There are 2 protein chains.
Amino acid sequence: MEKLKKYVSVKDEDDFYHQGAVELLIFNFLLILTILTIWLFKNHRFRFLHETGGAMLYGLLMGLIIRYVTKSPDVESGTVYECEKLKTGPSTLLINITNQVYEYQYKREISQHNVNGHQGNAMLQKMTFDPSIFFNILLPPIIFHAGYSLKKRHFFRNLGSILTYAFLGTAISCIVIGLIMYGFVKAMVHIGQLKQWEFHFTDCLFFGSLMSATDPVTVLAIFHELNVDTDLYTLLFGESVLNDAVAIVLTHSISIYSPKENPNAFDAAAFFQSVGNFLGIFAGSFFMGSSYAVVTALISFMHLTKFTKLCEFPMLETGLFFLLSWSAFLSAEAAGLTGIVAVLFCGVTQAHYTYNNLSADSKLRTKQLFEFMNFLAENVIFCYMGLALFTFQNHIFNPLFIFGALVAVFVARASNIYPLSFLLNLGRKQRIPRNFQHMMMFSGLRGAIAFALAIRDTGSQPKQMMFSTALLMVFFTVWVLGGGTTPMLTWLQIRSVLVGVDPDEDLKAKAASQSASNLDKNTTKAESAWLFRIWYGFDHKYLKPLLTHTGPPLTSTLPEWCNPVARLLTSPSAYGDQLKDDDTVYIINNDELTENYESSAHIPVPALDSTGSIQATGKEDIQEGDLGLGGYKLQLQHTAGQPQKNSLA
Amino acid sequence: MEKLKKYVSVKDEDDFYHQGAVELLIFNFLLILTILTIWLFKNHRFRFLHETGGAMLYGLLMGLIIRYVTKSPDVESGTVYECEKLKTGPSTLLINITNQVYEYQYKREISQHNVNGHQGNAMLQKMTFDPSIFFNILLPPIIFHAGYSLKKRHFFRNLGSILTYAFLGTAISCIVIGLIMYGFVKAMVHIGQLKQWEFHFTDCLFFGSLMSATDPVTVLAIFHELNVDTDLYTLLFGESVLNDAVAIVLTHSISIYSPKENPNAFDAAAFFQSVGNFLGIFAGSFFMGSSYAVVTALISFMHLTKFTKLCEFPMLETGLFFLLSWSAFLSAEAAGLTGIVAVLFCGVTQAHYTYNNLSADSKLRTKQLFEFMNFLAENVIFCYMGLALFTFQNHIFNPLFIFGALVAVFVARASNIYPLSFLLNLGRKQRIPRNFQHMMMFSGLRGAIAFALAIRDTGSQPKQMMFSTALLMVFFTVWVLGGGTTPMLTWLQIRSVLVGVDPDEDLKAKAASQSASNLDKNTTKAESAWLFRIWYGFDHKYLKPLLTHTGPPLTSTLPEWCNPVARLLTSPSAYGDQLKDDDTVYIINNDELTENYESSAHIPVPALDSTGSIQATGKEDIQEGDLGLGGYKLQLQHTAGQPQKNSLA
């Protein structure tokens with residue numbers, strides 16, 4: 001008996017290890033299939049199903065197989081046991097079963113109505129992984145990569161519009177979806193599909209905020225492949241990246257909004273507390289993320305005489321970069337802030353400062369590493385979303401609610417894009433053309449963030465209904481809208497660069513898009529100019545010299561009495577070296593801006609070289625795409641400690 | 001009440017997320033500290049504490065803090081609850097506590113004597129991560145990297161010796177440790193520290209097998225840094241890599257060795273079954289790993305007319321490479337074989353075939369990616385080992401057992417290295433010098449694999465004692481032997497290349513080492529020659545052309561009637577292209593071998609070019625270190641379908 005028992009126990013343990021391997025193997029298998037499919041599609045220039053859509057499809061099929069083909073061997077698991085001695089659920093439970101103590105780990109709270117037969121399928125359970133893996137491991141690389149690969153120059157050029165869409169637009173979208181869903185919920189109560197008390201207005205707003213997180217990864221991938229107009233790309237990219245951050249903090253704020261009395265009544269105090277919360281969390285996360293990036297920049301820039309530079313050990317440098325960036329996320333989460341926001345701004349700041357300090361080797365290494373992690377994490381998430389349709393055990397599909405969500409999402413997107421574009425066009429010198437607006441409207445895909453926010457809490461019936469609906473919305477938008485991107489671009493005449501599928505069509509499209517692009521060519525100087533100029537001056541004069549090898553030496557920008565400190569903080573290579581600063585390129589391009597800027601901030605401006613052309617040194621930039629320079633390049637010339645002041649000849 | 005409950009539940013959940021973040025943050029923090037320390041050490045050329053030793057030290061300190069500073073808030077967890085209704089422990093337990101159902105996940109079986117107070121410290125528990133993460137996620141990249149970066153040429157040159165040390169040596173080590181420990185166990189029973197029935201001879205052998213896995217990562221890192229003699233490096237590296245595989249399979253075989261009657265008596269049937277098991281598992285895992293690598297090579301080599309090559313999409317190529325290699329590990333585990341062995345040979349085969357098909361970009365990407373993953377995984381494991389000293393809750397430290405293990409490990413290493421070296425030197429033309437033998441004896445560090453094998457099963461008291469002892473042995477060998485590597489090298493006069501610490505000393509060391517190295521210079525032709533030649537001919541004529549772009553076209557090596565098939569399978573680039581094959585370089589270097597080879601296998605041999613020197617084309621190789629060519633390079637010249645036959649002028 002003792003023997004048999006031991007054997008069984010060892011066998012169980014073996015099974016346990018293999019089980020872990022089997023789950024991982026299934027994901028590997030799905031990802032391999034996805035990669036092979038992408039390869040096939042790329043060969044045939046087939047753009048109607050993006051890799052994420054493919055990953056989701058394979059996940060779906062695998063979920064179907066696991067759900068209906070694998071058996072449910074663990075019969076006892078469906079039973080609920082009574083325990084009178086316990087008051088609450090401890091994190092670990094030790095249970096004595098026929099003289100053998102077993103340790104159980106707390107997993108979650110389950111609603112009574114969810115205790116059904118499927119609960120017992122061990123395979124299904126193991127494939128449903130912990131939401132904390134989702135948040136702590138899979139999301140950070142995606143968001144960081146977004147921040148790290150932000151097209152800085154175009155981003156700042158359109159900063160005003162992007163912020164408007166991201167903050168105001170997301171708030172509008174959240175409220176519109178909330179209101180429409182509240183109408184549908186009322187209707188559902190009316191026809192008896194739902195009890196009134198189950199669904200408050202705050203729940204509707206919660207759904208609105210999570211459904212407001214757009215994820216146009218599919219659309220942007222196609223844009224990138226087709227070289228679509230950079231301003232449109234930047235507007236969409238910037239909006240979606242910031243919008244994720246806003247939606248996450250908004251969801252968090254709404255979930256902790258707790259009016260004192262009637263949950264349906266408006267409570268001003270609680271509302272303002274939520275708004276305060278929102279601002280506090282956003283600012284805190286922003287600060288946390290940037291601080292980590294600044295620390296990374298400082299470490300990678302260390303040039304105390306005793307130390308060789310960190311960039312001489314590319315492996316250590318890459319490792320430190322990776323770990324500190326991830327820590328930005330984790331610290332924010334641990335501090336009760338929003339990790340996603342922290343890691344996003346960490347990525348932006350890393351690209352701005354740290355990237356300039358890296359060795360050429362590390363630049364390539366980090367770029368490829370983050371690209372690779374982004375690629376893997378993205379496909380794992382989309383596979384998992386496909387799987388979740390069949391492996392998640394407590395779906396509630398309500399046709400009316402789903403239809404309502406579909407309507408609400410489109411109406412909300414429309415009342416975000418069109419009115420805001422109209423308002424922005426009043427202020428912008430270069431208007432956002434009509435076809436861009438339509439394209440932005442069309443690109444309102446829902447993806448990983450909406451899913452992640454929905455899966456975080458599936459404890460109650462309303463939350464389960466929201467999760468199931470959000471999942472379906474992701475499927476619908478990724479497959480239908482994502483698949484329709486290429487035709488839509490052609491129809492709206494936005495396609496810009498020849499890609500060789502159909503030369504005639506492409507040429508037409510190119511001509512059309514160029515005319516559209518020309519309208520928007522010479523950047524919108526007025527918007528964001530003053531704020532941007534102040535920030536730029538401060539950044540260029542103090543932060544860049546302090547944190548990177550670029551910009552003028554601190555000794556020349558700080559007041560004279562700070563000279564000893566400045567000398568200590570300035571890199572020896574800053575003297576005599578030709579200082580290269582990418583951003584200056586941008587400033588120079590905007591003649592008007594430059595002139596204003598020069599007169600107010602006294603920073604050095606490039607001299608023409610003998611051939612009469614302005615030359616830039618070969619400082620690579622992370623960002624791809626054109627520099628908006630119209631063929632001009634420039635070279636900054638400095639002499640140590642003494643900023644030259646020249647004007648454009 | 002309902003309200004309060006809900007609030008508490010949400011709060012718990014939030015805590016739960018933050019908890020996950022906190023654990024990861026602690027690891028990140030330890031790794032960041034480690035990297036900064038390595039940087040500091042590298043700056044001061046301090047080689048007495050390797051990064052792994054540093055990681056372990058920081059882990060130790062953190063474990064101390066977590067153990068004695070954090071409180072144990074979860075009081076109820078220490079209590080054992082009775083459950084009469086259950087027969088065995090199901091994988092999921094649903095428990096109804098005051099009308100709320102909680103879900104618990106099965107974690108492990110606990111011995112009665114382990115149910116102590118510390119069980120309740122949630123922080124301690126969360127820091128002790130699941131051994132399956134160790135096996136499925138952290139170990140594969142380390143082992144794969146070892147296989148991938150194997151110095152093929154030197155490895156094959158010393159193949160006979162390496163196999164002898166790895167198979168015979170590990171078996172000797174296992175038996176010697178087992179016998180010595182059995183003696184100590186008898187003594188412990190004699191003085192009453194242990195009950196006889198607790199510790200069988202098979203348990204001692206189990207301990208012997210897990211303590212036989214050497215991990216000279218520290219030593220090899222120093223060798224690499226100091227450019228120590230390549231043959232010594234290869235002997236140690238090859239031995240330790242294969243020895244891990246052997247030790248793992250051996251441990252598995254011993255753990256399932258179950259004699260029918262008295263567990264102390266020798267049961268021939270069971271013994272031979274174990275031996276059969278060992279061979280079966282080893283061969284199966286080898287086959288599984290190589291197959292995955294061959295599949296990868298085939299995919300990356302696909303050249304059907306419709307397809308662009310995979311190497312035109314470096315991201316997809318890297319992804320596929322990574323996923324298929326990991327799948328080799330997971331499939332082997334899922335099939336009940338040994339993943340470590342599979343992933344090791346997968347790495348070797350990938351380096352041999354797939355690497356040649358990769359684009360230059362992917363070559364660099366994969367190399368850097370695997371290097372980085374190896375670096376991270378290694379440091380996480382060593383951090384974790386440090387942590388485990390304080391966070392593992394069921395340590396049993398028995399001074400006599402620990403002393404016994406210390407003696408046993410050294411005696412076993414000595415009876416492995418010296419007798420086998422003596423035997424090998426009888427057969428080798430180039431003898432393994434005395435100082436190399438001493439260095440190999442000294443390099444018997446224990447590391448990740450021994451730890452991983454010990455932590456896999458800590459259910460019973462003997463197993464816990466073994467785990468605690470193994471952990472201490474790791475600490476001792478990594479810190480003491482690892483730290484003593486540099487002085488030992490100097491003392492044994494093995495140091496070979498000037499590194500600039502002390503020029504005089506280095507020059508002396510260099511001279512000494514060169515004379516030692518010269519003894520061993522012209523490779524050991526006799527050993528492994530015939531087996532190697534047959535394999536090489538087959539590989540060069542059939543496998544390389546089939547799986548890579550190197551070697552002669554299949555049309556010329558296959559019999560004539562196979563021509564249609566051969567034409568289909570041969571890469572178009574194989575015709576007319578200058579065929580480059582690294583391995584030929586090696587063959588050519590061994591004049592005698594080449595001549596034998598040429599007359600028996602009729603493969604093309606290089607022609608001298610006009611300048612009279614043999615030139616190799618610039619095909620990069622993964623491996624670093626000298627090529628053993630003594631300045632000669634060669635260039636193979638082929639014409640399509642017709643192998644040229646020249647002899648060395």
Side-chain angles (χ1 to χ4, degrees), chain A residues 9 17-18 20-22 24-25 28 31-32 35 38-39 42-43 74 76-77 80-83 85-86 89-97 100-110 112 115 122 132 136 307-308 310 313 315-316 318-320 323 326-327 330-331 333-334 365 368 372 375, chain B residues 9 17-18 20-22 24-25 28 31-32 35 38-39 42-43 74 76-77 80-83 85-86 89-97 100-110 112 115 122 132 136 307-308 310 313 315-316 318-320 323 326-327 330-331 333-334 365 368 372 375:
Chain A
S9 145
Y17 283 113
H18 299 166
V22 170
L24 286 171
L25 192 59
N28 270 14
L31 291 178
I32 291 169
I35 289 181
I38 301 169
W39 182 27
K42 289 213 176 194
N43 268 298
D74 209 346
E76 286 195 79
S77 295
V80 180
Y81 297 94
E82 298 293 324
C83 199
K85 288 169 204 158
L86 283 165
S91 69
T92 311
L93 201 62
L94 299 179
I95 291 187
N96 190 346
I97 301 166
Q100 178 60 52
V101 181
Y102 294 93
E103 184 179 333
Y104 282 84
Q105 186 107 48
Y106 174 76
K107 208 175 158 201
R108 56 182 174 144
E109 213 178 298
I110 297 183
Q112 294 277 4
V115 183
S132 76
N136 291 333
F307 283 88
T308 44
L310 186 60
F313 312 105
M315 173 74 80
L316 299 186
T318 314
L320 205 62
L323 290 169
W326 194 14
S327 296
L330 296 170
S331 307
E333 286 286 309
R365 267 173 194 252
Q368 291 182 345
F372 182 70
F375 174 79
Chain B
S9 146
Y17 284 112
H18 300 166
V22 169
L24 286 170
L25 193 59
N28 270 13
L31 291 178
I32 291 169
I35 290 181
I38 301 169
W39 183 29
K42 289 212 176 194
N43 269 300
D74 208 348
E76 287 195 77
S77 296
V80 180
Y81 297 93
E82 298 293 326
C83 199
K85 288 167 204 160
L86 282 165
S91 69
T92 310
L93 202 60
L94 299 180
I95 292 187
N96 189 346
I97 301 166
Q100 178 59 52
V101 182
Y102 294 93
E103 185 179 332
Y104 281 84
Q105 186 107 47
Y106 175 76
K107 206 174 159 199
R108 57 185 173 141
E109 212 178 297
I110 298 183
Q112 293 277 3
V115 185
S132 76
N136 291 332
F307 283 87
T308 44
L310 186 59
F313 311 105
M315 173 73 80
L316 298 186
T318 313
L320 204 62
L323 290 169
W326 195 14
S327 296
L330 296 170
S331 307
E333 285 287 306
R365 266 173 193 252
Q368 291 182 343
F372 182 69
F375 174 78

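Just so we're on the same page: letters track the sequence lines, and every chain starts at 1. Predicted model only: the values in this text are computed from it and were never measured. Both backbone and side-chain heavy atoms feed into the values below; hydrogens, waters and symmetry mates do not.
- Between A/T318 and B/F375, the closest side-chain pair of non-hydrogen atoms is not below 4.5 Å.
- Taking CG from A/L330 and CG from B/N28, the interatomic distance works out to 5.5 Å, rounded to the nearest 0.5 Å.
- Remark: B/W39 CH2 to A/L316 CG distance equals 9.5 Å, nearest 0.5 Å.
- Nearest heavy-atom pair across B/A21 and A/A334 is CB-N, 4.2 Å.
- Here A/F372 pairs with B/F322 under the ring-ring contact (aromatic ring centres under 6.0 Å, His included) rule; sequence neighbours left out.
- Every residue two or more places apart in sequence or in another chain that forms a side chain to side chain donor-acceptor pair (under 3.5 Å) with A/S331 is listed here: A/Y292.
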